[in-house]
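Have a look at the structure below before the remarks.
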There are 2 protein chains.
Amino acid sequence: MTTHDRAAPEIELGLRDRKKVRVRAALVDAATALFLARGFDAVTVDEIAAAADVSRRTFFRYFPTKEAVVFARRDEQLALFRERLAASGDAAPFDALRGALLALADDYMARRTQILQERALTRAAPTLLAGDLEVDRAFESIIAEHLVAHSRRTAADQRRARMTAAAMVGVVRVALDEWADRDGDVDLARLAQDAIELLTPIVPRFR
Amino acid sequence: MTTHDRAAPEIELGLRDRKKVRVRAALVDAATALFLARGFDAVTVDEIAAAADVSRRTFFRYFPTKEAVVFARRDEQLALFRERLAASGDAAPFDALRGALLALADDYMARRTQILQERALTRAAPTLLAGDLEVDRAFESIIAEHLVAHSRRTAADQRRARMTAAAMVGVVRVALDEWADRDGDVDLARLAQDAIELLTPIVPRFR
DNA sequence: TACGAAACTGGCACTCGGTGTCAACTGGCT
DNA sequence: AGCCAGTTGACACCGAGTGCCAGTTTCGTA
């Protein structure tokens, strides 16, 4: 029912769209390979385009910036998180949140090496660091939306919901950092669980 | 004792250094005036340099990037915050934190129009937004350092200290956002106070 | 199956942010 | 006065991103 491909990859795409998917994938693959080999800054868009066998101009038709190609995967995570949250509609808001976050933690652990590689890339390039922070804000927006929607209409309550969202993203990020710093050798779900539990006393209404 | 100028602005500067100060100020003034008039992206470095009567190359000798000239003032706030925190050395860590944050809130209210202008600028330019986020992380680092230094050496305790720091920056930012959204017409200190109070139950050791 | 519209692509020229280099200048010191 | 070091401007250069247009490919339709 949605235009999202994940749920229904079987719909016949025309040749035109299949080509587009192929080109996009080729660009992502070429870029990540080059980035991992030589670092983000040392790779030019021309090289990426050449490696994917398209013109430089075409690269910028698929991605608005050089950074965007790095964050393509992260945007998918974001959309997935939003879906999961929306799916568990009538559960207690805080429980839904915990569920979605822990599911995310599982995803991360499953794609461990890839995640760690991406992080290593991000640390080395200041430009990418900025994008990383924006992802956090995006998560915060989703969570805040969710909490606000399930709060009373009081200004004070809504503010508190937004504060809770900000705090939650903060503690979860610290958990993620620790996991990454330990090369993914600890249980991220466990860390995330602890992080979320830490906030229990400040979550409005449930405890 | 420190090399910081604030405490001792009376030391005689040679003609050379006085010039440098003047040029730097001229660049900041010219840049902010142009930015406010036409927005960050619509102003080129050439224009800023011309308005300040120096060459384009000289601009980049004073600031590493076009963004840096916007964040010059914010870096001062950051240093000030760090000093305040270090000053109140033997107070309870959480009290010291609250004190420094509330002092910061007072600063913001005192420079209300300037702060609001800067924020308006930042919102409009995606590049600047990234810088904004980095400032938050810098604050978080300072707070985390402070809390970690006053925590037990346990891994769990230190992690909790870092999580608390992240949460604190989060809730304070929400307070700041609300203040700015209301055009600075509410009491920021009060909002910040509430935000910090919200975290009391999760702060390690004190309650 | 042929054809016209629409989408996609490549190439080119251009703007702007940022850097390396070097020659000319200016203030500081003896 | 004169040397040294720091500062400056000019120029050339690179890479990211954008507007534009002409050529090609795919799609829907007659």
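Labels below follow one simple rule: chain letters A, B, ... track the order of the sequence lines, proteins then strands, and each chain is numbered from 1. This structure is a prediction, so every number in the text was calculated from the model and none was measured.
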Closest non-hydrogen atom pair, A51(B) against A30(B): CB-CB, 3.8 Å
Aromatic ring pairing F81(A)/F139(A), orientation class (parallel under 30°, perpendicular over 60°, tilted between): perpendicular
K20(A) NZ - dT9(C) P separation (whole Å): 7 Å
Phosphate contact (dC8(C) OP1 or OP2) by Y62(A) side-chain N/O below 4.0 Å: no
Of the listed nucleotides dT9(C), dT21(C), dG17(C), the one nearest the side chain of F60(B): dG17(C)
N or O in side chain of T58(A) less than 4.0 angstrom from dG10(C) OP1/OP2: yes
Listed nucleotide nearest any side-chain atom of R56(A), set dG18(C), dG9(D), dA16(D): dA16(D)
Residue from R111(A), R74(A), R123(A) passing side-chain hydrogen bond (donor to acceptor under 3.5 Å, both in side chains) with E118(A): R74(A)
Among dA16(D), dG10(C), dA10(D), the one nearest K66(A) by side-chain distance: dA16(D)
Protein-nucleotide distance (D46(B), atom CG; dC11(D), atom P), rounded to Å: 13 Å
Of the listed nucleotides dG10(C), dG9(D), dA16(D), the one nearest the side chain of R57(B): dG9(D)
side-chain N/O K19(A) vs dT25(D) OP1/OP2, d < 4.0 Å: no
Presence of salt bridge, R119(A) and D177(A), under 4.0 angstrom: yes
Nearest-nucleotide comparison on DNA chain D, the residue closer to the 5′ end among F40(A) and R61(A): F40(A)
